[in-house]
Amino acid sequence: MKRAVLITFALALIYLPAQAEEKTRLSVVTGGTGGVYYPLGGAVANVLSKHLPGAVATAEVTSASIDNLKLIGAGKADIAFTMSDVAWEGYNGTGKFHGKVPLRSIVVLYANKTQVVTVQGRGIEKMSDLKGKRISTGAPGSGTELIALRLLEAYGIDPEKDVKREKLSVAESVGAIKDNKIDALIWSGGLPTAAIIDLGATPGQKLMLLAHSDAIPAMVKKYGPLYVKDTIPAKTYPGQEKDVSILSVWNILAVNEKMDEKLAYAITKTIFEKKPELVAVHKEAKNIALENQLKGGSPIPFHPGALKYFSEKGVKGH
């Protein structure tokens with residue numbers, strides 16, 4: 001009997017370290033390397049790995065919003081950066097989604113600024129001048145592509161007939177402008193975007209940003225109240241001397257509705273409590289605020305785990 005107990009105890013000692021090594025692995029899907037999603041997603045993964053007991057999180061480069069939500073739906077990712085208009089389509093199974101994606105929000109992040117970028121000498125002064133030009137509308141499967149097509153449509157520009165359309169990431173788009181392969185790019189991202197800083201700082205290239213907030217009424221009428229008037233402040237980019245009136249859409253972190261409530265709560269809590277570590281990586285993280293959470297920034301429902309954290313903090317919606 002004593003021998004059996006000793007053997008059981010010995011086996012337990014062997015088994016326990018193996019158990020202790022088991023980790024909760026979290027995949028954070030972001031965007032291209034030239035935008036904000038990727039560095040901020042890396043910071044989120046780092047914070048979760050450091051401060052969430054038993055978790056190992058990794059950030060992955062993707063084509064961004066649309067593909068990210070498809071990965072969530074397929075169970076191939078755990079936390080997704082996405083624009084809220086894309087999340088709305090995924091939740092409802094419309095647009096690029098062939099069926100409803102079981103999504104829930106956990107954090108409203110910051111507003112994505114739509115940036116229409118060109119350089120002097122390409123014959124482009126305003127949005128209507130894009131007709132007949134070579135432009136990039138963002139990587140296939142990105143939220144940028146969705147918003148770019150809607151924006152062109154609002155100005156009566158058919159993206160398949162009226163422009164020569166390339167489907168490039170923001171970093172690739174900047175390279176193509178420098179090489180005179182395209183005339184302009186449309187990008188939806190945080191401020192400042194590293195790739196656009198690079199373009200503005202390139203000798204011989206005078207950066208120009210096109211105002212486009214007058215497109216908002218037509219876009220809201222067709223697609224719902226997802227877009228708001230915003231500004232790119234002067235001096236955000238090299239050579240930018242004036243404020244530029246634009247449209248914005250909120251970014252959110254989305255998870256599968258089936259995520260464990262305790263895990264969703266812990267992720268949400270960690271992101272807010274360790275916000276300074278995120279800000280140290282990219283200043284857009286300053287805009288992650290409790291007061292923004294339940295004010296309409298997310299068109300899809302919040303995960304119960306996130307709502308539990310907000311309730312503890314006294315955050316209430318309209």
Side-chain angles (χ1 to χ4, degrees), residues 27-32 34-38 40-41 44 59-116 136-154 159 167-170 185-190 193 215-216 219-220 222-228 230 246-257 284 287-288 292 296-303 306:
S27 168
V28 182
V29 283
T30 62
V36 176
Y37 279 7
Y38 181 66
L40 192 53
V44 167
E60 299 180 23
V61 177
T62 67
S63 294
S65 298
I66 294 171
D67 284 355
N68 289 353
L69 298 189
K70 289 179 178 179
L71 289 168
I72 290 288
K76 295 179 179 179
D78 302 291
I79 304 168
F81 279 70
T82 180
M83 289 158 55
S84 62
D85 53 349
V86 178
W88 179 244
E89 286 204 337
Y91 180 73
N92 288 288
T94 58
K96 297 278 189 180
F97 298 91
H98 306 297
K100 296 182 179 182
V101 184
L103 297 173
R104 293 293 183 267
S105 290
I106 56 169
V107 179
V108 171
L109 295 166
Y110 60 93
N112 241 20
K113 320 280 184 173
T114 301
Q115 303 165 56
V116 185
S136 172
T137 53
S142 67
T144 288
E145 183 180 51
L146 176 73
I147 208 168
L149 300 183
R150 291 180 175 183
L151 182 59
L152 291 171
E153 176 190 52
K167 304 174 184 180
L168 307 173
S169 71
V170 65
L185 68 89
I186 300 175
W187 163 248
S188 185
T193 294
I216 294 172
M219 292 174 69
V220 167
K222 184 165 184 178
Y223 299 107
L226 300 167
Y227 305 105
V228 296
D230 208 339
I246 61 159
L247 67 86
S248 281
V249 59
W250 283 98
N251 292 293
I252 63 175
L253 286 183
V255 299
N256 195 295
E257 67 178 9
E284 279 288 6
N287 297 307
I288 302 173
N292 290 340
S298 173
I300 68 172
F302 277 88
H303 193 285

> What is the minimum heavy-atom distance between Trp187 and Val170, and which atoms define it?
Replying inline: CE3-CB, 3.6 Å

> What's the verdict on side chain to side chain contact (heavy atoms under 4.5 Å, CB included) for Val86 and Val249, showing C-alpha distance, side-chain angles and the deciding distance?
Replying inline: CA-CA 10 Å; Val86 178; Val249 59; over 6 Å; no

> Which heavy-atom pair separates Ile186 from Thr144 by the least distance, and what is that distance?
Replying inline: O-CG2, 3.2 Å

> How would you list all residue pairs meeting side-chain hydrogen bond (donor to acceptor under 3.5 Å, both in side chains) that involve residues 104-113, not counting sequence neighbours?
Replying inline: Arg104-Glu257, Ser105-Ser298, Asn112-Ser188, Asn112-Asn251, Lys113-Asp230

> Asp78: what forms a salt bridge (charged side-chain N to carboxylate O under 4.0 Å, His left out) with it, not counting sequence neighbours?
Replying inline: none

>> Let's go through Leu109 and Leu253 carefully: what are the C-alpha distance in whole Å and the side-chain angles of both, what is the deciding distance for side chain to side chain contact (heavy atoms under 4.5 Å, CB included) to 0.1 Å, and is it a yes or a no?
In response: CA-CA 7 Å; Leu109 295 166; Leu253 286 183; 3.9 Å; yes

> Got a second to check how far Lys167's NZ is from Ser136's OG, nearest 0.5 Å?
Replying inline: 10.5 Å

> Could you give the distance from CG (Asp67) to CD (Glu60), rounded to the nearest 0.5 Å?
Replying inline: 12.0 Å

> Which pair of heavy atoms, one from Ser63 and one from Ser142, lies closest together, and at what distance?
Replying inline: O-CB, 3.0 Å

> Got a sec, which residues hit salt bridge (charged side-chain N to carboxylate O under 4.0 Å, His left out) with Glu284, two or more places apart in sequence or on another chain?
Replying inline: none

>> Can you give me the closest heavy-atom contact between Ala154 and Ala215, atom names plus distance?
In response: CB-CB, 3.8 Å

> Just wondering, more than 12 heavy atoms not from Phe302 lying within 6.0 Å of its CZ?
Replying inline: yes

> Can you check side chain to side chain contact (heavy atoms under 4.5 Å, CB included) on Ile288 and Val107, steps first, answer last?
Replying inline: CA-CA 8 Å; Ile288 302 173; Val107 179; 3.8 Å; yes

> Rounded to the nearest 0.5 Å, how far apart are CG of Leu71 and CG of Asn256?
Replying inline: 12.0 Å

>> So, using side-chain hydrogen bond (donor to acceptor under 3.5 Å, both in side chains) as the criterion, who are the partners of Tyr223 when residues are at least two apart?
In response: Glu153

> Considering all heavy atoms of both residues, which atom of Ala80 and which atom of Asn68 are nearest to each other, and what is their separation?
Replying inline: CB-CB, 3.9 Å

>> Tell me the closest heavy-atom pair linking Pro159 and Leu149, and the distance in Å.
In response: CB-CD2, 3.6 Å

> Got a donor-acceptor contact below 3.5 angstrom from the Thr62 side chain to the Thr30 backbone?
Replying inline: yes

>> Can you pull out every ring pair (Phe, Tyr, Trp, His ring centres under 6.0 Å) where at least one residue sits in residues 61-103? Sequence neighbours excluded, please.
In response: Tyr37-Phe81

>> Quick one, Ile72 with Leu103, criterion side chain to side chain contact (heavy atoms under 4.5 Å, CB included). Give me CA distance, side-chain angles, the key distance, then yes/no.
In response: CA-CA 8 Å; Ile72 290 288; Leu103 297 173; 3.8 Å; yes

> In terms of side-chain geometry, is the basic nitrogen of Lys70 or Glu89 positioned less than 4.0 Å from the acidic oxygen of its partner?
Replying inline: no

> Does the side chain of Lys96 reach to within under 4.5 Å of the side chain of Leu146, using non-hydrogen atoms?
Replying inline: no

>> Would you compute the distance between atom CG of Leu69 and atom CE of Met83 and round it to the nearest 0.5 angstrom?
In response: 11.0 Å

> Is the backbone of Gly189 close enough, under 3.5 Å, to the side chain of Gln115 for a donor and an acceptor to pair up by distance?
Replying inline: yes

> Among all residues two or more places apart in sequence or in another chain, which pass the side-chain hydrogen bond (donor to acceptor under 3.5 Å, both in side chains) test with Ser84?
Replying inline: none

